[in-house]
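Notes to accompany the following structure.
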Amino acid sequence: MIKVTVWNEFCHEGVWKQPNVLEHYPDGIHKYLESFLKDEFEVTTVTLYEADGTLNENAGITRELLDNTDVMLWWGHCTHHMVPDEAVAMVADAVRRGMGIIFLHSAHHSKLFKTLMGTSCNLHWRESEDKEYLWVIDPSHPIAEGIPEHVTIPMEEMYGEPFGIPEPDKLVFIGSFSPGEVFRSGCCWRREYGKVFYFQPGHESHPTYHIPEIQKIIKNAINWAYSSYRVAELTCPNVEKPQD
Ligand code: ZN
């Protein structure tokens, strides 16, 4: 079984207990994600905060956790700045050594995503109840397997272009919102040996992760991002001439 670690900042629905978020994710976004992933994957959850407001040391990131993670999911929004630089460096290094990672929704502004992209990762946004159509750009891509030509999301926060990312290696989904904006909603990259997927849907006060097709896309992305190849350390060795 692929080992998946779901990381969540756990503020809206944890520390702050916002009713409009708890309504959809009473045990936390990480626990909801775990609930539909655990039949197919070995799932661990880690949070930045505990529900009582305790800040976990190094955002819950340890070398042991990373060594036991094939693919990580990252959901963060308001407290990106509270994730220690050491944790960011450790996870980025694990990705470069071969761990897969999926950045969900507002994780576009996490220190970790910006580190791996090397750009601002800014976008246009509007908290609203706009309808989103999520369009499959490449139906042959493994992340789009079993997904219809578009997925209708009844309400989602608008994320619009321009999105300050490096050109994706592969664009799998484009979102279009009812007022007309469009967004590169599903993007793939390689960073050294690790695969990276950014997936836009998933605003905390809308029940987007309850939609079966969205769950299927996340499962497909985990399978795509998994690699059995992982180096223990990235090195730059001086080597002997090859011998015939
Ligand atoms: Zn949001």
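When a ligand or atom number is given, it counts from 1 through the structure's own listing order. Only a predicted model underlies this, so the values are computations on that prediction, with no experimental measurement involved.
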Quiz item: Does K195 make a cation-pi contact with W224 (under 6.0 Å, within 45 degrees of the axis)?
Solution: yes
Quiz item: Does the T5 side chain pair with the main chain of T45, one donor and one acceptor, at a distance under 3.5 Å?
Solution: no
Quiz item: Ion pair present between R126 and E157, side-chain N to carboxylate O less than 4.0 angstrom?
Solution: no
Quiz item: Under a 4.5 Å cut-off applied to non-hydrogen side-chain atoms, are I61 and M72 in contact?
Solution: yes
Quiz item: In terms of the angle between their ring planes, are H206 and H203 parallel, tilted or perpendicular, with boundaries placed at 30° and 60°?
Solution: tilted
Quiz item: Where the side chain of R97 meets the backbone of V231, is there a donor-acceptor pair that is under 3.5 Å apart?
Solution: yes
Exercise. Could you pull out the N/O/S protein atoms under 2.8 Å of the Zn ion (ligand 1), ignoring any water?
Key: H105 NE2, E157 OE1, H203 ND1
